[in-house]
Protein chains: 2
Amino acid sequence: MNEDKLFEILAEPNRRKILDYLRARERSVGELVALLSLSQPGISKHLRILRQAELVTVRKDAQQHLYRLNAEPLQGIHDWFEPYRQYWTNKLDDLEKQLDEEEQ
Amino acid sequence: MNEDKLFEILAEPNRRKILDYLRARERSVGELVALLSLSQPGISKHLRILRQAELVTVRKDAQQHLYRLNAEPLQGIHDWFEPYRQYWTNKLDDLEKQLDEEEQ
DNA sequence: CAGTTATATTTCCGTCAAGTTATATAATTA
DNA sequence: TAATTATATAACTTGACGGAAATATAACTG
């Protein structure tokens, strides 16, 4: 799964919410339907996309399908931001420097 | 500009490329047109969106409009990833631990 | 086995974003 | 001032996405 596709997948707010909910623990489809305000097919559709991106894994327990977070693919996207971090970090440094100077 | 909107804006590959190019230095619209394979109106359209999100600023030099990166708004999105970082960080720790054990 | 529960898939529809072409605006130059 | 250069905006088209409703599949229960 390439960077473009991953960004696109994460651009959908409900999908980000699903991932957020899965951070705590694995969840059944029904739980997610209850948590988000979306129809069951809507949830399943998003889960399929997350599955294909390997952002989640499933295991079956009787009729229930339990989804678990797999955060690894996020690392790639996270890395895109790395070169930009220095900008707000520097800005912060500047502020600190300014505050230090004001103390004199 | 809220998180949802920012994610959506960054989901577009050409917009990310524009930001990437602006990391080095400010650029005119014409330069960006030359760098990306998009029509001039296409570039201008993306620049407008980036401007509204305050991800870029403009200054005018004669006919040229020079765009400069403003990375600050990215911080908000970057923060979304923070709670997920431990997952791949832990995975890395596990690997290191495993490697250490293998050395015995 | 019939009915029920849990989830997935299909189909259809409306919306919206991204691209292009054409046009407008603004500054420069001959 | 007319022509040219640089950029922005408008109008239009098209494709893809997200949502709901309907249907299919699979497992459980009585």
Side-chain angles (χ1 to χ4, degrees), chain A residues 1-22 25-70 73 77, chain B residues 1-22 25-70 73 77:
Chain A
M1 190 69 47
N2 64 56
E3 192 182 82
D4 286 4
K5 200 68 188 164
L6 274 173
F7 257 105
E8 192 189 313
I9 288 170
L10 292 180
E12 215 293 314
N14 289 312
R15 285 195 285 262
R16 287 204 308 284
K17 280 184 197 159
I18 291 176
L19 295 180
D20 285 339
Y21 281 125
L22 293 182
R25 61 170 180 283
E26 65 180 2
R27 311 255 191 189
S28 70
V29 179
E31 284 182 271
L32 293 170
V33 172
L35 286 165
L36 310 185
S37 43
L38 256 184
S39 66
Q40 176 267 310
I43 296 286
S44 283
K45 217 164 168 182
H46 285 308
L47 286 173
R48 185 154 122 107
I49 290 167
L50 293 172
R51 239 163 38 216
Q52 289 169 340
E54 295 179 70
L55 284 163
V56 300
T57 56
V58 213
R59 73 180 179 92
K60 299 182 188 175
D61 177 32
Q63 312 106 310
Q64 295 201 328
H65 293 199
L66 297 169
Y67 282 83
R68 179 183 293 274
L69 174 67
N70 177 37
I77 294 203
Chain B
M1 188 70 46
N2 64 56
E3 192 182 81
D4 286 3
K5 199 71 188 161
L6 273 174
F7 257 104
E8 192 189 311
I9 288 170
L10 292 180
E12 215 294 314
N14 289 311
R15 285 196 286 262
R16 286 204 309 284
K17 280 184 198 160
I18 290 175
L19 295 179
D20 285 340
Y21 281 125
L22 293 182
R25 62 171 179 281
E26 65 180 2
R27 311 256 191 188
S28 70
V29 179
E31 283 182 270
L32 293 170
V33 171
L35 286 165
L36 310 186
S37 43
L38 257 183
S39 65
Q40 176 267 312
I43 297 286
S44 283
K45 217 167 167 182
H46 285 308
L47 286 172
R48 186 154 122 107
I49 291 167
L50 292 172
R51 239 161 41 214
Q52 289 168 339
E54 296 180 70
L55 284 163
V56 300
T57 57
V58 213
R59 73 181 179 89
K60 299 183 187 173
D61 178 31
Q63 312 107 309
Q64 295 202 326
H65 293 199
L66 297 169
Y67 281 83
R68 179 183 293 273
L69 174 67
N70 177 37
I77 294 204

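Note on naming: letters A, B, ... go to the chains in the order of the sequence lines (proteins, then strands), and numbering restarts at 1 for each one.
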S.K.: Just to confirm, is there a sub-4.0 Å distance from OP1 or OP2 of C/dA18 to any side-chain nitrogen or oxygen of B/Arg15?
M.R.: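 B/Arg15 to C/dA18 OP1/OP2: side-chain N or O found under 4.0 Å.
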S.K.: Answer with base, sugar-phosphate or nothing: what part of the nucleic acid does B/Lys60 contact at a heavy-atom distance below 4.0 Å?
M.R.: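 If one applies the 4.0 Å heavy-atom cut-off, B/Lys60 turns out to touch nothing in the nucleic acid.
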S.K.: Would you indicate what B/Gly30 reaches in the nucleic acid, counting non-hydrogen atoms under 4.0 angstrom: base, sugar-phosphate, or nothing?
M.R.: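 Sugar-phosphate: the residue B/Gly30, judged by heavy atoms under 4.0 Å, touches backbone atoms but no base.
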S.K.: Does A/Gln64 use its side chain to pair, donor to acceptor, with the backbone of A/Leu66 at less than 3.5 Å?
M.R.: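 Side chain of A/Gln64 to backbone of A/Leu66, a donor-acceptor pair under 3.5 Å: no, none is there.
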S.K.: Write down the distance between CZ (A/Arg48) and P (D/dG18), rounded to a whole number of angstrom.
M.R.: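 Answer to the nearest Å: 13 Å.
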S.K.: Looking at B/Arg51, does any N or O in its side chain come under 4.0 Å of the phosphate oxygens OP1/OP2 on D/dA8?
M.R.: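 Checking D/dA8 against B/Arg51, a side-chain N or O does come within under 4.0 Å of OP1 or OP2.
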S.K.: Determine yes or no for a side-chain-to-main-chain donor-acceptor pair under 3.5 angstrom, with A/Glu31 supplying the side chain and A/Ser28 the backbone.
M.R.: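 A pair under 3.5 Å: yes.
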S.K.: Which nucleotide wins on minimum distance to the side chain of B/Pro41, given the candidates D/dT7, C/dT9, C/dT20?
M.R.: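 Out of D/dT7, C/dT9, C/dT20, the nucleotide with an atom closest to B/Pro41's side chain is C/dT20.
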S.K.: Relative to the 5' end of DNA chain C, which residue comes earlier, A/Ser44 or B/Gln40, by the nucleotide with the nearest heavy atom?
M.R.: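 On the 5' side of the pair lies A/Ser44.
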S.K.: Could you work out which one of D/dA8, C/dA6, D/dC17 sits closest to the side chain of A/Gln63?
M.R.: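 For A/Gln63, the side-chain atoms sit closest to C/dA6.
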S.K.: Please check this pair: side chain of B/Asn2 against backbone of B/Lys5, looking for a donor-acceptor N/O pair closer than 3.5 Å.
M.R.: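 Present.
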S.K.: Measure from CG on B/Asp4 to P on C/dA17 and round the result to the nearest Å.
M.R.: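 After rounding, the gap between these two atoms is 13 Å.
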S.K.: Rounded to whole Å, please give me the gap between CD in A/Gln52 and P in D/dC17.
M.R.: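 Roughly 12 Å, once rounded to whole Å.
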S.K.: Starting at the 5' end of DNA chain D and moving along, which residue's nearest nucleotide shows up first, B/Ile43 or A/Ala62?
M.R.: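 Result of the comparison: B/Ile43.
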S.K.: To the nearest Å, how far apart are B/Ile18 CD1 and C/dA18 P?
M.R.: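 The distance from CD1 of B/Ile18 to P of C/dA18 comes to 11 Å, rounded to the nearest Å.
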S.K.: Distance from B/Ile18 atom CD1 to B/Arg15 atom CZ, nearest 0.5 Å?
M.R.: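 Separation between the atoms: 8.5 Å.
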S.K.: Test B/Tyr67 against every option in B/Arg27, B/Glu26, B/Arg51 by the side chain to side chain donor-acceptor pair (under 3.5 Å) rule and name the one that passes.
M.R.: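 Option passing the side chain to side chain donor-acceptor pair (under 3.5 Å) with B/Tyr67: B/Arg51.
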S.K.: Can you tell me how far P of D/dA16 sits from CD1 of A/Ile49, to the nearest Å?
M.R.: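 Atom CD1 in A/Ile49 sits about 14 Å away from atom P in D/dA16.
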S.K.: Give the rounded distance in Å between these two atoms: CG of B/Asn14 and C1' of C/dG19.
M.R.: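 Going from B/Asn14 (CG) to C/dG19 (C1'), I get 10 Å.
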S.K.: Should A/His65 be listed as having a side-chain N or O under 4.0 Å from OP1 or OP2 of C/dA6?
M.R.: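 No, A/His65 has no side-chain N/O under 4.0 Å of OP1/OP2 on C/dA6.
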S.K.: Where is the tightest heavy-atom contact between B/Glu54 and B/Asn70, given as atom of each residue plus distance?
M.R.: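 That would be O-ND2, 2.9 Å.
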S.K.: Applying a 4.0 Å non-hydrogen cut-off, can you work out what B/Leu38 is touching in the nucleic acid: base, sugar-phosphate, or nothing?
M.R.: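 Counting heavy atoms under 4.0 Å across all strands, the contact made by B/Leu38 is with sugar-phosphate only.
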S.K.: Answer yes or no: does a side-chain N or O of B/Ser39 lie under 4.0 Å from OP1 or OP2 of C/dT20?
M.R.: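 The answer is yes; a side-chain N or O of B/Ser39 sits under 4.0 Å from OP1 or OP2.
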S.K.: Does B/Tyr67 have a side-chain nitrogen or oxygen under 4.0 Å from the phosphate oxygens OP1 or OP2 of D/dA8?
M.R.: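 True: B/Tyr67 side-chain N/O within range (under 4.0 Å) of D/dA8 OP1/OP2.
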S.K.: Measure the distance from CZ on A/Arg27 to P on C/dA6 and round it to the nearest whole Å.
M.R.: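 Atom-to-atom, A/Arg27 to C/dA6, this comes out as 17 Å.
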S.K.: Where the side chain of A/Gln64 is concerned, which of C/dA18, C/dA6, C/dA8 is the nearest nucleotide?
M.R.: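 Nearest nucleotide to the side chain: C/dA6.
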S.K.: Ignoring backbone atoms, test whether A/His46 places a side-chain nitrogen or oxygen under 4.0 Å from the OP1 or OP2 oxygen of D/dC17.
M.R.: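 So the side-chain polar atoms of A/His46 never come under 4.0 Å of the phosphate oxygens OP1 or OP2 of D/dC17.
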S.K.: Rounding to an integer number of Å, can you tell me how far B/Leu66 CG sits from D/dA8 P?
M.R.: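 Interatomic distance, CG of B/Leu66 to P of D/dA8: 10 Å.
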S.K.: Assuming nearest nucleotide by heavy-atom distance, tell me which of A/Lys5 and B/Ser28 is located more 5' along DNA chain D.
M.R.: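 Here B/Ser28 is the residue nearer the 5' end.
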S.K.: Counting any heavy atom closer than 4.0 Å, what does A/Glu8 reach on the DNA or RNA strands: base, sugar-phosphate only, or nothing?
M.R.: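 Result for A/Glu8 = sugar-phosphate.
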